Amino acid sequence: MDSNLYTTTATIQHSIPTASYFSISTGKKIRSVSRLDHSSPGELKFQKQVSSVFNSLSSENDVQLKPRPRPKPSCRPRLAPVLDYGSEEDAIKAAADVATSSSQLHHHHHHHHSSILCAQIEKLVLFGKYREALELFDFLRFRGNFSHVAFRSVIYDKLVSACVVLRSIHDVKSVFQHMVETGFEFDQYMWNRVLLMHVKCGMMVDADFLFDEMPRRNESSWNIMISGLVDSGRYAEAFHTFLLMWESEDSYEAGTRIFTHIICTTAALELLPSGRQLHSCVLKLGLSQHAHVSNALIDMYCKCGCIEEAWWVFAEMPEKTVVAWNTIIYGYALNGHSEEALEVYYEMRDSGTAKMDHFTYSIILRIFSRLASSESVRQTHASLIRNGFAADIVASTSLIDFYGKWGRMNYARNVFDGMPYKNIISWNALIGGYRNHGRGKEAIQAFEQMILERMVPNHVTFLSLLGACSGSAGLGSSGWEFFRAMSRQHNMKPRAMHYACMVEIMAGRDGLLDEAYYFIKNAPFKPTANMWGALLTACRFHGNVEVGKIAAEKLFEIAPWKIGDYIVLLNIYINSGRLDEANKVLEVMNRRGLKIPRPCSWIEIKREPHMFEFNDRSHPESDRVYGEIDRLMRLLGKFGYVNPLEKIKQKLKPLVPDNDSLGDEEKGGGSRRYHSEKLAVGLGLISTSKSGSLQVVQRHRMCTDCHKVIKLIALITGRVITLRDSSRFHHFQDGDCSCGDYW
DNA sequence: TTAGGGTTAG
């Protein structure tokens with residue numbers, strides 16, 4: 001192996017694409033792998049069939065793939081040492097010794113000492129002291145006796161682990177160079193490990209080279225390479241490499257693992273045709289009943305929106321594992337079939353074929369959260385404790401998330417405080433809860449506590465934190481501090497969503513629309529829909545037509561199918577009396593075949609859902625519901641409430657269809673208006689105990705009049721009312737809303 | 001022996 005590897009390839013490293021859309025256009029062969037003749041003509045034909053699908057993928061037909069988020073950094077729990085390698089203190093001391101003893105180690109007679117230190121590398125890695133291990137390696141390499149002597153295989157193995165955890169390019173080079181220079185004898189395992197550390201550190205050019213040059217490959221080598229290509233966004237090449245393996249002499253190696261991986265890739269990319277093709281591959285190879293492969297197929301079909309086919313694969317499984325159940329349940333939920341998802345979940349419980357695990361809890365809690373099903377969550381919470389998941393990090397975090405979303409922060413806090421171990425996601429759920437609840441100061445306090453406990457924040461933490469600052473008055477400057485601290489103290493590049501939060505802070509609270517506009521323009525990357533969306537919302541709030549128009553146009557370019565943006569722009573025009581321009585927007589929507597969906601709200605009472613539309617009288621309790629609302633509206637008059645409709649209803653009559661599809665107060669339609677959210681709240685008030693809180697869900701953005709009215713209703717009735725609309729949660733309590741009247 | 005793979009909480 002050529003030790004000059006790095007000098008030849010260093011210039012083109014890290015070519016990870018950052019374009020918002022990754023277009024597969026490279027049809028060229030990436031690396032040459034000798035092709036073996038295949039004995040069975042049927043097999044060959046089959047392979048050609050597969051190849052043609054992938055080739056069509058990589059031809060220039062402008063296949064546009066949605067970019068997938070980069071894989072999350074794993075949040076590994078802090079493990080207590082279980083192996084008998086001496087105490088952690090010893091290992092730390094050894095690391096400390098490196099510094100102090102380095103001066104004494106210049107001479108040959110310290111060889112024995114060096115060997116001991118060499119063994120310390122192993123311990124340091126086992127105790128998670130990766131940096132120290134690599135420093136020790138450096139020391140031994142340059143100043144100890146190992147400049148020309150190779151380590152034992154197991155030492156390199158541990159050094160590889162350290163490099164992978166630390167993602168350190170420098171150390172990868174150093175370790176590999178040492179192996180090459182000292183003439184280390186690589187076996188298949190170590191070749192794969194070396195490949196892995198290059199891949200994991202994003203050194204894909206070197207990884208390519210290594211992969212081509214390694215004397216032999218096994219399934220693991222192919223798998224590492226393919227996963228590396230996927231991770232660096234080179235999806236076309238990942239498929240291509242899979243094909244090469246398929247056609248190479250290694251093809252007999254293609255087992256369940258590699259198929260699992262490549263199917264998952266198609267799932268992530270939502271490439272249904274390729275997924276189907278792979279499905280037929282595994283059917284042919286007789287691997288389709290393998291549990292992991294089936295799970296991957298179920299997941300793939302779910303992600304591609306083919307829930308029936310997913311169910312078909314699931315039904316064919318001889319033994320349904322808990323992962324399979326979880327995948328199919330989550331798949332139903334993913335495709336918007338929350339109720340069916342729950343039915344499958346009940347089926348799982350009744351079938352007794354698999355015991356539910358913490359993921360099952362997590363998934364169904366998430367479904368209940370969508371359904372605002374607090375009664376079910378109470379039962380699930382109890383069942384979770386009964387079944388010994390009270391201390392489980394995944395299940396508990398899902399509970400915190402639920403309570404944090406629906407405004408039960410004392411519950412969330414109780415769960416959180418009772419957790420024996422917390423990870424960053426648990427903390428984020430807590431901070432996010434305070435954010436949702438409009439409790440910015442407490443969000444910041446929780447963050448500070450987290451830092452004190454030496455938990456390392458990630459980008460989601462800052463998302464919650466910045467959101468908390470934009471959601472509470474007077475925290476704008478804190479928001480700026482956190483935004484700056486991200487890169488200065490926490491070594492993190494703010495992403496588009498963080499910029500969007502800052503836009504909300506600037507434009508939303510402080511009304512600095514122009515500043516926000518230039519902030520977006522000067523962002524170090526192409527502005528995203530989130531950023532323009534934040535600006536557009538701010539323009540609606542402050543009634544700024546000019547900037548709003550610009551933001552809306554950008555949004556229509558990026559995502560012309562998103563109806564919500566058109567509605568906000570319509571509202572901006574209507575509010576400022578520019579009805580001609582509003583009509584133009586409606587025309588554009590018409591031309592593009594976009595229909596404003598009928599707004600509806602719903603509320604769950606005693607585990608039964610109840611849905612309402614505008615002026616809806618289909619509910620059996622309609623008379624009582626309308627009576628209650630009328631009674632409250634009369635009461636509100638005494639609080640100085642004036643129906644804003646009176647002012648503008650005349651001029652709007654010709655414009656707006658006869659439902660309240662604009663979801664805002666500018667809507668005409670007579671003096672008595674019963675928006676769906678008011679009806680849902682009305683039913684909640686008459687059918688629950690006087691102190692009970694209400695949870696309402698709706699897909700459209702709440703109108704300012706309903707917002708005002710529900711705030712007053714919460715004040716008069718003393719209820720806590722939580723409503724999730726298309727943009728956020730609103731917690732009405734004591735005449736106030738957690739959104740601080742900005743949404 | 002050791003790696004590499006599947007569902008998943010923000």
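Predicted model, so just to flag it, every value in this text is computed and none were measured.
- Comparing atom distances between the Asp401(A) side chain and each of dG6(B), dG10(B), dG4(B) picks out dG10(B) as nearest.
- Between His731(A) and His437(A), the ring planes lie perpendicular to each other; the angle is over 60°, past the 30° to 60° tilted range.
- We find that OH of Tyr189(A) is positioned 5 Å from C1' of dA3(B), with the value rounded to whole Å.
- Residues passing the side-chain hydrogen bond (donor to acceptor under 3.5 Å, both in side chains) test with Thr265(A), sequence neighbours excluded: none.
- Within the nucleic acid shown, Ser398(A) comes within 4.0 Å of sugar-phosphate atoms alone, with no base atom in reach, counting heavy atoms only.
- Taking atom CG of Asn192(A) as the reference point, atom P of dT2(B) lies 14 Å away to the nearest angstrom.
- Across the protein-nucleic acid pair, Leu334(A) atom CG and dT8(B) atom C1' stand 12 Å apart, rounded to whole Å.
- Contact annotation: Lys200(A) side-chain N/O to dG4(B) OP1/OP2 distance is not under 4.0 Å.
- Of the candidates dG5(B), dT7(B), dA3(B), the closest approach to any side-chain atom of Asp299(A) belongs to dT7(B).
- Atom NE2 of His290(A) and atom C1' of dG6(B) are 10 Å apart (whole Å).
- Atom CZ in Phe359(A) sits roughly 8 Å away from atom P in dT8(B) (whole-Å rounding).
- The side chain of His292(A) has dG6(B) as its nearest neighbour among dG4(B), dG6(B), dG10(B).
- Every residue two or more places apart in sequence or in another chain that forms a side chain to side chain contact (heavy atoms under 4.5 Å, CB included) with Phe184(A) is listed here: Ala150(A), Ser153(A), Tyr156(A), Met179(A), Thr182(A), Phe186(A), Met190(A).
- Between His459(A) and His498(A), the two ring planes are perpendicular [angle over 60°; tilted spans 30° to 60°].
- Phe186(A) has its CZ atom 16 Å from the C1' atom of dT2(B), to the nearest Å.
- Near-neighbour residues of DNA chain B inside residues 308-333 of chain A, defined by a heavy atom below 4.0 Å, number-ordered: Val323(A), Asn326(A), Thr327(A), Tyr330(A).
- Within the structure, the salt bridge (Lys or Arg N to Asp or Glu O under 4.0 Å) test picks out no pair touching residues 344-362 of chain A (sequence neighbours left out).
- Checking dA3(B), dG10(B), dG5(B) against every side-chain atom of Asn458(A), the shortest atom distance belongs to dG10(B).
- Shown here are the salt bridge (charged side-chain N to carboxylate O under 4.0 Å, His left out) partners of Arg728(A), two or more places apart in sequence or in another chain: there are none.
- Val323(A) is linked by a side chain to side chain contact (heavy atoms under 4.5 Å, CB included) to Asn295(A), Thr321(A), Thr327(A), counting only residues two or more places apart in sequence or in another chain.
- As judged by a 4.0 angstrom heavy-atom cut-off over every strand, Arg257(A) is placed among the base-contacting residues.
- Nearest nucleotide to the Lys405(A) side chain, out of dG10(B), dG6(B), dT2(B): dG10(B).
- Atoms CZ (Phe211(A)) and C1' (dG4(B)) sit 13 Å apart, rounded to a whole Å.
- When distances run from any side-chain atom of Ala429(A) to the nucleotides dA3(B), dG10(B), dG6(B), the shortest one goes to dG10(B).
- Taking atom CE of residue Met197(A) and atom P of nucleotide dG4(B), one finds them 14 Å apart after rounding to whole Å.
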